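Just below is one structure, and these are the notes that go with it.
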Amino acid sequence: MNEKEMVLDVLTGIKSSIGSYAKCITECSDQNLRQTFQQMRDGDEKFQYDLYKIAEQKGYYKPSCQANEQEKTDVKNFLMQGAH
């Protein structure tokens, strides 16, 4: 396995872990345990972003195009409508 494959594999795994933490957080009734899961999730989110930036710099990962301001506004408005 080369470096690119290892980096992308770790990114995939960490994204899965972040999703698992989110599920644990929403189902946890013990506040201390919930906070622990939140801290673990936050740490993994930081690690994932840092690794993503390295992968992007090395050309291992190409992000999708940036949304323009109108697209961002449209999505924000759509999500805000669903929240009410």
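Bear in mind that the values here come from a model prediction, so they are computed numbers and not experimental data.
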Fellow cluster residues of Met6, listed by chain then number, with links counted only when side-chain atoms sit under 4.5 Å apart: Met1
Going by atom type alone, with no hydrogens or angles, which donor-acceptor pairs under 3.5 Å involve a side-chain atom of residues 67-77 and a protein atom two or more places apart or on another chain?
from: Asn68; atom 1: OD1; to: Gln70; atom 2: N; distance (Å): 3.0
from: Asn68; atom 1: OD1; to: Glu71; atom 2: N; distance (Å): 2.7
from: Glu69; atom 1: OE2; to: Lys72; atom 2: NZ; distance (Å): 3.4
from: Gln70; atom 1: NE2; to: Asp74; atom 2: OD1; distance (Å): 2.6
from: Glu71; atom 1: OE1; to: Asn68; atom 2: N; distance (Å): 2.8
from: Thr73; atom 1: OG1; to: Glu69; atom 2: O; distance (Å): 3.0
from: Asn77; atom 1: ND2; to: Thr73; atom 2: O; distance (Å): 3.3

Going hydrophobic residue to hydrophobic residue with side-chain gaps under 4.5 angstrom, can you get from Leu51 over to Met40? no
Does Tyr52 share a hydrophobic cluster with Ile54, counting links as ILVMFWY side-chain heavy atoms below 4.5 Å and allowing steps through other members? no
Just list the side-chain donor-acceptor pairs under 3.5 Å for residues 8-20, sequence neighbours left out, or say none.
from: Thr12; atom 1: OG1; to: Leu8; atom 2: O; distance (Å): 3.0
from: Ser17; atom 1: OG; to: Gly13; atom 2: O; distance (Å): 3.3
from: Ser20; atom 1: OG; to: Ser16; atom 2: O; distance (Å): 3.3

Glu5 meets the salt bridge (charged side-chain N to carboxylate O under 4.0 Å, His left out) criterion, sequence neighbours left out, with none
Sequence neighbours excluded, every pair satisfying salt bridge (charged side-chain N to carboxylate O under 4.0 Å, His left out) that has a member inside residues 36-55: Arg41-Glu45, Lys46-Asp50, Lys53-Glu56
Determine which pairs satisfy salt bridge (charged side-chain N to carboxylate O under 4.0 Å, His left out) with at least one residue from residues 21-39, sequence neighbours left out, and list them in order. none
Geometric class of the Phe37/Tyr21 ring pair [parallel <30°, tilted 30-60°, perpendicular >60°]: tilted
